[in-house]
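Shown next, in structure tokens, is the structure this report addresses.
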Amino acid sequence: MDKRLIIKKFSNKNLSIRSSIFIYFTVTAIIAIALISLIMFQRFTDSLNKTIIEENAGIIGQVGESIDSYLRNVMKISDSIYYNVIKNTDISDDDIKNGMNLLYVNNDNMIDDIALIAGDGTLIESMPALRLKDGINVSERDFFKKSMAESEYIYFSMPHIRNLFDQNENSYSWVMSMSRAVEVTSEGKATQAVLLINLNYMFFEELFSNVNLGNGGYIYLINDKGDIIWHPRQNEIYAGRFTENNKYAAGLKDGISVENIGGKKLTVNVRTIGYTGWKLVGVTGSAAINVDSMKFRLFVLFVADLFLFLLAMVNAYISNRISNPISRLDNSVREIESGNLNVEILPSGSYEVQHLGNSIRNMLSRIKVLMSDLVAEHNAKRKSEFDTLQSQINPHFLYNTLDIIVWMIENEKPDKAVSIVTALAKFFRISLSKGKNIITVRDEVEHVRNYLMIQSMRFKNRFEYSIEVDDNVSEYSSLKLMLQPLVENAIYHGMEFMDGDGEIDVRVFKENEELYFTITDNGLGMSEDVVATLLSKDIVPSKRGSGIGVKNVNERIKLYFGAEYGLFVESEPDEGTKITIHLPAIVYGEKNEDK
């Protein structure tokens, strides 16, 4: 990104003078360091590439001179054999054998064997003493034909397995053959023959194995037609696992050139080997040259990183002096956003930051006061609503109960009238409970027992009821007027239109350190749709209900004990209804209403 664009991008923000200077300085320094590093690296890379190419050219020149020297020595040996031995000796004389043997012994490190072959393909003499293989027709071989065709031509063959002579320890070694036409004298008669010298191929192996053009570079030797004489990956080429552009290299002139071969940019160095027309080819990929500059790359990166590190240290010190007070203030504001109103705000830094911190601290104090007032008002309103609902016990229940008492007295049933009056008194005593909303399970069960007894007498035994309470749960905490609305629903709604045989079972028990109440009836039941909406819709008070409703009981439980507690309703049409109340198992007195 252009420097001006970066500066313009930052200048659009509301930055202080110190922040602007910091940003401009940082951007300028980074761009300057990057440009200097890039220029240094480019100049060094160009210089290094030039040096590597020159060094490779020197290496290839030395290898070429070594091959030239080797071939000249071979040709000198050939001339010595021809002019000093063959020309001056009759082939029927033993002197030719002694002369050839002397030259062979003196040069056995370069030569595997020497053979003199007559024009008809028969072996005249060889060193060491060898015999042609049976069935070998030398006159049909390429070296023989080419040598006989041009008397002044010295022919060098491609590398091949030595296979003209019977087996010995060198029968199947790799050799290169040099052959030429010679004139031999037999009993005073001159005829044409071929002098064959098999050169030791290990010379090329040892020479090239010590050549190194650097990372990824290599050197190979081809003849004037582009056929490979030696290659470091020769076995892979024969196996088809590697492809060399040797035919293309055969058409290149001597010197250094950059070629695009096979989609790769390669530096190719070509040198022709004197008399033979062979070409020595050095190949170095551009990527390989760049690898040699890795040390300088690391050095440039180290220097750039050092400058950036020092710059970062200075910038960090300056920015910390400016930004730390703002960061602390920002963290405090984030705590407030997350709901923590007890966070401590400590204004520091410049005057503007301190003023902002004091303003936020004052604002937080006001928010705390307002939140406290709002929560207190909301809780008071909620409890007031529930208390009002609890007090709205249907007056018809009281009227009907008193009517039953009058009827029993008039019909001279004072004992039953006393029982109903006593149950009614206990019912209202527990309903009041001195204004408490949390009572014991024993009192809550006693309250619903009195209610069921009164309703059983009123409805003239249209239903039966049972109450079962585990022995160890009576002193646990319960919500007042929790069971009575649910039992009332079971009587008025669950058993409506039933002619007797109604059953209501109330059970209280503890399981897994939790308290459970169940109210089960065999009434008309409800459909799944009604059950699904029972706890979510508003309950409209009916003429026969208390108006508190199932939803009201569920909300009161969650308000006092937590959202994980409440009611669970199970019902099927014509099968009845089961309501389960889930409360925490808390011994009465260990947790009051304020907690």
Side-chain angles (χ1 to χ4, degrees), residues 67-68 70-92 96-97 99-101 103-104 107-108 110-166 170-171 173-186 189-201 203-204 221-230 272-279:
I67 296 175
D68 264 335
Y70 175 78
L71 294 178
R72 281 195 299 269
N73 289 334
V74 172
M75 286 189 286
K76 286 180 181 179
I77 295 171
S78 171
D79 289 341
S80 296
I81 295 174
Y82 182 28
Y83 294 109
N84 296 334
V85 178
I86 298 176
K87 276 278 191 181
N88 299 327
T89 308
D90 192 290
I91 59 175
S92 61
I96 191 171
K97 180 177 181 180
M100 289 178 63
N101 184 59
L103 289 172
Y104 171 76
N107 298 281
D108 61 352
M110 299 172 57
I111 298 173
D112 275 0
D113 50 60
I114 304 171
L116 183 61
I117 304 171
D120 60 358
T122 59
L123 181 65
I124 299 174
E125 191 61 66
S126 66
M127 289 295 154
L130 300 170
R131 186 176 67 84
L132 290 174
K133 287 183 178 180
D134 295 336
I136 293 292
N137 187 357
V138 179
S139 61
E140 296 297 324
R141 295 296 178 100
D142 286 343
F143 77 89
F144 189 88
K145 290 180 179 179
K146 290 180 179 180
S147 298
M148 292 294 288
E150 299 182 36
S151 59
E152 299 298 326
Y153 180 75
I154 297 178
Y155 173 73
F156 287 89
S157 71
M158 294 294 292
H160 61 278
I161 298 293
R162 182 173 173 272
N163 58 3
L164 285 179
F165 305 104
D166 279 337
N170 295 319
S171 294
S173 60
W174 279 86
V175 295
M176 289 181 63
S177 298
M178 189 207 78
S179 59
R180 63 186 295 178
V182 295
E183 187 179 85
V184 298
T185 303
S186 177
K189 183 179 179 181
T191 58
Q192 287 289 102
V194 173
L195 176 62
L196 174 68
I197 301 176
N198 282 329
L199 309 179
N200 191 341
Y201 189 67
F203 166 79
F204 296 96
L221 183 65
I222 58 176
N223 64 11
D224 56 346
K225 297 180 180 179
D227 299 322
I228 294 175
I229 298 173
W230 187 91
T272 301
I273 307 298
Y275 170 78
T276 61
W278 294 353
K279 288 188 177 182

Subject >> With L116, the side chain to side chain contact (heavy atoms under 4.5 Å, CB included) member among V85, V184, V194 >> reply: V184

Original post:
Quick one: does L195's side chain get under 4.5 Å of S179's, heavy atoms only?
Top reply: no

**OP:** Taking the side chain as every heavy atom from C-beta outward, state whether Y155 and E150 have any atom pair closer than 4.5 Å.
**Re:** no

Original post:
Taking the side chain as C-beta and beyond, is there a heavy-atom pair between W278 and T272 under 4.5 Å?
Top reply: no

Original post:
Using 30° and 60° as the class limits, which term best fits the ring planes of W174 and Y201: parallel, tilted or perpendicular?
Top reply: tilted

Subject >> Note, K279 side chain near D224 side chain (heavy atom, < 4.5 Å) >> reply: no

Original post:
Taking C-beta and beyond as the side chain, do N223 and M158 meet within less than 4.5 Å on heavy atoms?
Top reply: yes

Subject >> Spatial distance of atom CE (M176) from atom CG (D112) [nearest 0.5 Å] >> reply: 12.5 Å

**OP:** Starting from the C-alpha separation in whole Å, work towards a yes-or-no answer on side-chain contact (heavy atoms from CB on, under 4.5 Å) for T191 and E183.
**Re:** CA-CA 6 Å; T191 58; E183 187 179 85; over 6 Å; no

Subject >> Between NE2 on residue H160 and CG on residue D142, distance to nearest 0.5 Å >> reply: 10.5 Å

Original post:
Would a 4.5 Å heavy-atom cut-off, applied to side chains only, mark D68 and Y70 as touching?
Top reply: no

Original post:
Between N107 and I111, is there a donor-acceptor pair closer than 3.5 Å when you use the side chain of the first and the backbone of the second?
Top reply: no

**OP:** Could you pull out all residues at least two apart from Y83 that satisfy ring pair (Phe, Tyr, Trp, His ring centres under 6.0 Å)?
**Re:** none

**OP:** Report yes if the side chains of D227 and I222 come closer than 4.5 Å at any heavy-atom pair, otherwise no.
**Re:** no

**OP:** Please lay out, stage by stage, how F156 and L199 fare under the test side-chain contact (heavy atoms from CB on, under 4.5 Å).
**Re:** CA-CA 10 Å; F156 287 89; L199 309 179; 4.2 Å; yes

Original post:
Do you know the tightest heavy-atom contact between G119 and M148?
Top reply: CA-CE, 4.2 Å

**OP:** Measure the CZ-OG distance between F144 and S139 for me, rounded to the nearest 0.5 Å.
**Re:** 6.0 Å

Subject >> Least distance between heavy atoms, L123 atom then R131 atom >> reply: CD2-CA, 4.3 Å

Subject >> Interatomic spacing from CE in M110 to CD1 in I197 - rounded to 0.5 Å >> reply: 9.5 Å

Original post:
Rounded to the nearest 0.5 Å, how far does CD1 of I117 lie from CG of L132?
Top reply: 6.0 Å

Original post:
Quick one: are L221 and I228 in side-chain contact, heavy atoms under 4.5 Å?
Top reply: no

Subject >> S126 (side chain) donor-acceptor with I114 (main chain) under 3.5 angstrom >> reply: no

Original post:
What distance separates M178 CE from F143 CZ, expressed to the nearest 0.5 Å?
Top reply: 11.5 Å

**OP:** Please test K145 against E140 for side-chain contact (heavy atoms from CB on, under 4.5 Å), starting from the C-alpha separation and ending with a verdict.
**Re:** CA-CA 7 Å; K145 290 180 179 179; E140 296 297 324; 3.5 Å; yes

Subject >> T185 and D90: side chain donor to acceptor below 3.5 Å >> reply: no

Original post:
Are any side-chain N or O atoms of T122 and backbone N or O atoms of A118, one a donor and one an acceptor, separated by less than 3.5 Å?
Top reply: no

